[in-house]
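Below is one structure; the comments refer to it alone.
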Amino acid sequence: MNLKSYILSFLALLLCGTALAQTSQQQIAAVNDTRYANYDIVTVFDSTDVLMEESGLSHVYGHKLYKVLTPAGGRDFNTVKMDYDPLSAYAEIRSVIIYRKNGQVDTLDAPVLDYPAPAHMIYWGARQKMVALGRLEPGDAVEFSTYKKGFTYALLQGEDPDAKYIPPMRGHFYDIVPFWSEQPIMEKVYRVSVLTAKNLRYAVYHGNLKVETREDANRTIYTFTQQNYFPVSVPANTLANNDIQTKLLLSTAQSWEAKSTWFYGVNEDYGSFVPTDEVKQKVNELLKKAKTENDSISILTHWVADNMRYSGISMGEGEGFTLHKCEMNYTDRCGVCKDKAGLLIAMLRAAGFKAYAAMTMAGERIDDIPADQFNHCVTVVQRRNGNYQLLDPTWVPGVRELWSSAEQQQNYLMGLPQGAKLGLTPVSKAENHYIRMEAKTKVDKKGTLTATVTITAEGQSDRSVRGVFYGNRTQWQDNVERQLFSLYPNAILKSVKYSDEDTYLEHPVSITYKFIIPDYATVGDKELVVTPFLAKGFFKFAMPHLRYDVSQEKREYPFKDRCSRLVQISETMTIPTGFTSAIVPNDRSFLSDPISFDGSYKLENSKIEFKENVRLGKRVYEASDWPAFRQAVLNQQFYMDTPVILTR
């Protein structure tokens, strides 16, 4: 059977399946379950049928039916939209039918509009096809069918007019299918027909699907079904939905090593990393002061990070997994992650290093089916000792790291000539990302506070503290001062000194404040009530764990922080003489792996010594880590809210 005949047979099968099923009106009428009472819309069915050709080109037929349950649902569900990239995909909205609550059936003949898709920082020409639905009322339902061929990414095009629709790894098929949604789904079906010889691999994560397979000539048809799915409510900072809810991965690629060698080859064949004479000259200029191997790698990484602006403009052919050539990247000094990674690879090669591209998935886990679970491109360099080192010029502008530790515990795949397995970036020690605050303070008999406070930080905490320096240089002083005045508008700032941003690679950030705050402490005839200045959360924005909602004692799912972190706070406060006793917040401490807390007060010789140490040892945590993480936050909040009471 030739492909054309098979497509006709496949479409006939879909139509037959539709004819045997309940009519849409019957299915709409069946939506009366009280479990849907708190939702605005319910998906009655969501059906996707995929037909893969030998080349890897896929024909995707979509068929969906939604029912509106509330006025808000009718207000928000006002268009049928279909996203696509014209460089790599062809898309159609084939039919739209509205079933009115009163029994009227409207087949829309409204025009299918084609608009540029909303974009921010990456302008690759993505578009949206859409049909306006008009006003919908509770009880109305919308059924529509779509067709799409192609792939998410555009690659180099050949002479075949359909070549741009063939996926990057020619002859292969892969897909990531979420079986979760923000509204309930009564039934979702994903069916794919592939050549049996392609040996399709699949895996279901975080749930169960009904799986059926059948042979048809030289093809195998796989059908995956889930019924009666309801959205999962999760707190902020939970892992991505694809990491905790049901998803399906499919791929005809048999190993990550095969994907690795393909990724290496497609860029070497295109010549993405060949340094030009101008680039070689620039590299020689930059490395004049380099004394060590690490110096050279650091200088080149940070030059690309700081001198190439992040902004994605469509360059036509060459988007996707094929990285743009060195000449264009160096000339334009503008691009996305793959352009920054590609330029750094070329410059490292010009310096004599072996360097390659690597793919990773920022924000989600990569599971062990070699589908294209990637959204980010980085650089890998081979050190003289043979070890590979990851570099990320996209995430380290103004950062003292070469690889952002906000990407720790993250999977990656290097594109190497000999192939590579899927890797995982290691945990970065909390000590690598310390924020230290030290203060010498004094409270007089009127309650006025006189203080000298110094903040230093390293790693990702350094990056957070340096947030006050972002933007126009003329505003740096104002931004630094604002951290104090936003908490204490009546403060009188005597001086502030901070490290030079032009030399951020030479030393960690440091800011020293000297100030006075009138009426800081509450002074009565017989008592003085005061909280050490640093206990109250100065530079709180650099401690993102303090923004967590800790009202729940348990978490069901894993969660994440910005980065591992060490918070060290130390303050010595001199108080007026004449106070003979005090009510001091009790010491709080615990030690666990990877989280610990230690907080204490000491009152001696008219001085209050306050110390607090918080160690948060990972970026990605298991649900079982939540009690310790929560307790560390609660302890820090306790010291923020509980004063020292001194009596005469």
Side-chain angles (χ1 to χ4, degrees), residues 153-157 168-169 257-287 290 293 296-360 372 374-384 386-396 402-403 412-420 423:
Y153 300 97
L155 266 290
L156 299 179
Q157 301 171 19
M169 202 170 179
E257 288 86 347
K259 180 76 79 173
S260 169
T261 54
W262 166 80
F263 184 52
Y264 167 80
V266 74
N267 287 294
E268 296 299 330
D269 292 344
Y270 185 54
S272 300
F273 313 129
V274 179
T276 63
D277 290 340
E278 189 177 5
V279 168
K280 292 177 182 177
Q281 182 179 348
K282 184 64 177 179
V283 168
N284 291 335
E285 173 191 329
L286 291 171
L287 299 186
E293 178 186 36
S296 297
I297 294 172
S298 178
I299 289 170
L300 295 179
T301 300
H302 284 288
W303 187 88
V304 173
D306 294 342
N307 289 276
M308 190 171 185
R309 184 181 51 178
Y310 188 95
S311 182
I313 301 173
S314 179
M315 306 299 180
E317 64 178 28
E319 300 297 1
F321 290 91
T322 305
L323 277 63
H324 292 131
K325 292 185 177 180
C326 168
E327 181 178 12
M328 185 180 76
N329 289 331
Y330 184 74
T331 301
D332 293 353
R333 307 281 175 89
C334 174
V336 294
C337 57
K338 67 172 189 173
D339 302 305
K340 286 196 165 199
L343 179 57
L344 178 56
I345 293 166
M347 297 184 80
L348 286 166
R349 289 188 179 186
F353 289 97
K354 293 181 179 179
Y356 310 95
M359 300 180 287
T360 182
D372 285 325
F374 306 107
N375 63 4
H376 189 41
C377 186
V378 297
T379 300
V380 59
V381 63
Q382 187 172 25
R383 303 294 294 255
R384 293 194 184 103
N387 294 334
Y388 291 103
Q389 179 179 358
L390 288 169
L391 310 169
D392 191 348
T394 301
W395 280 28
V396 297
L402 297 175
W403 170 264
Y412 64 93
L413 182 68
M414 299 183 289
L416 302 182
Q418 71 274 22

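FYI, the numbering just counts along the sequence from 1. Not measured: the values here are computed from a predicted model.
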Which heavy atom of Val380 sits nearest a heavy atom of Ala357, and at what distance?
CG1-O, 4.3 Å
Applying ring-ring contact (aromatic ring centres under 6.0 Å, His included), can you list everything that pairs with Trp395, at least two apart in sequence or on another chain?
His376
Among all residues two or more places apart in sequence or in another chain, which pass the salt bridge (Lys or Arg N to Asp or Glu O under 4.0 Å) test with Glu293?
Arg383
List the atom pairs, donor and acceptor, that lie under 3.5 Å between side-chain atoms in residues 340-348 and the rest of the protein, sequence neighbours left out.
{"unit_1": "Lys340", "atom_1": "NZ", "unit_2": "Ala305", "atom_2": "O", "d": "3.1"}
{"unit_1": "Lys340", "atom_1": "NZ", "unit_2": "Met308", "atom_2": "O", "d": "2.9"}

Do the side chains of Glu257 and Leu416 get nearer than 4.5 Å, heavy atoms only?
no
The criterion is side chain to side chain donor-acceptor pair (under 3.5 Å); which residues satisfy it with Tyr330, sequence neighbours excluded?
Arg333
What residues, two or more places apart in sequence or in another chain, satisfy salt bridge (Lys or Arg N to Asp or Glu O under 4.0 Å) together with Lys282?
Glu285
Filter on salt bridge (charged side-chain N to carboxylate O under 4.0 Å, His left out), then keep only pairs touching residues 267-279, sequence neighbours left out; what's left?
Glu268-Arg349
So do Tyr356 and Tyr388 actually touch side chain to side chain, heavy atoms under 4.5 Å?
yes
Using a strict threshold of under 4.0 Å (side-chain N to carboxylate O), is an ion pair present between Lys259 and Asp372?
yes
Closest non-hydrogen atom pair between Cys337 and Tyr310, with its separation:
N-CE1, 3.5 Å
By side-chain contact (heavy atoms from CB on, under 4.5 Å), Ile299 pairs with (sequence neighbours left out) Leu286, Leu287, Ala290
Using every non-hydrogen atom in the two residues, find where Trp403 and Asp392 come nearest and quote the distance to one decimal.
CE3-CB, 3.7 Å
Sequence neighbours excluded, which residues qualify as side-chain contact (heavy atoms from CB on, under 4.5 Å) partners of Asn307?
Trp303
Sub-4.5 Å side-chain heavy-atom contact between Val274 and Cys326:
no
Could you tell me which non-hydrogen atom of His324 sits nearest to which non-hydrogen atom of Asn329, and how far apart they are?
O-ND2, 3.3 Å
Would you compute the distance between atom CD of Gln418 and atom OH of Tyr264 and round it to the nearest 0.5 angstrom?
9.0 Å
Can you name the residues that form a side-chain contact (heavy atoms from CB on, under 4.5 Å) with Thr261, not counting sequence neighbours?
none
Mind checking whether Leu413 and Thr360 have side chains closer than 4.5 Å, heavy atoms only?
no
Would the number of heavy atoms belonging to other residues, nucleotides or ligands and lying under 6.0 Å from CD of Glu327 be above 12?
no
With a 4.5 Å heavy-atom cut-off, do Pro275 and Val283 have their side chains touching?
no
Kindly write out the residues that satisfy side chain to side chain donor-acceptor pair (under 3.5 Å) with Thr301, not counting sequence neighbours, or none if the list is empty.
none
Taking Ser272's backbone N and O only, do any of them form a donor-acceptor pair with Asn267's side chain (distance below 3.5 Å, no angle check)?
no
Between Met414 and Ala358 the two heavy atoms that sit nearest each other are CA-CB, 3.8 Å
Report the distance from atom OG1 of Thr379 to atom CZ of Phe353, rounding to the nearest 0.5 Å.
13.0 Å
State, with a plain yes or no, whether a side-chain heavy atom of Tyr412 is found less than 4.5 Å away from one of Leu390.
yes
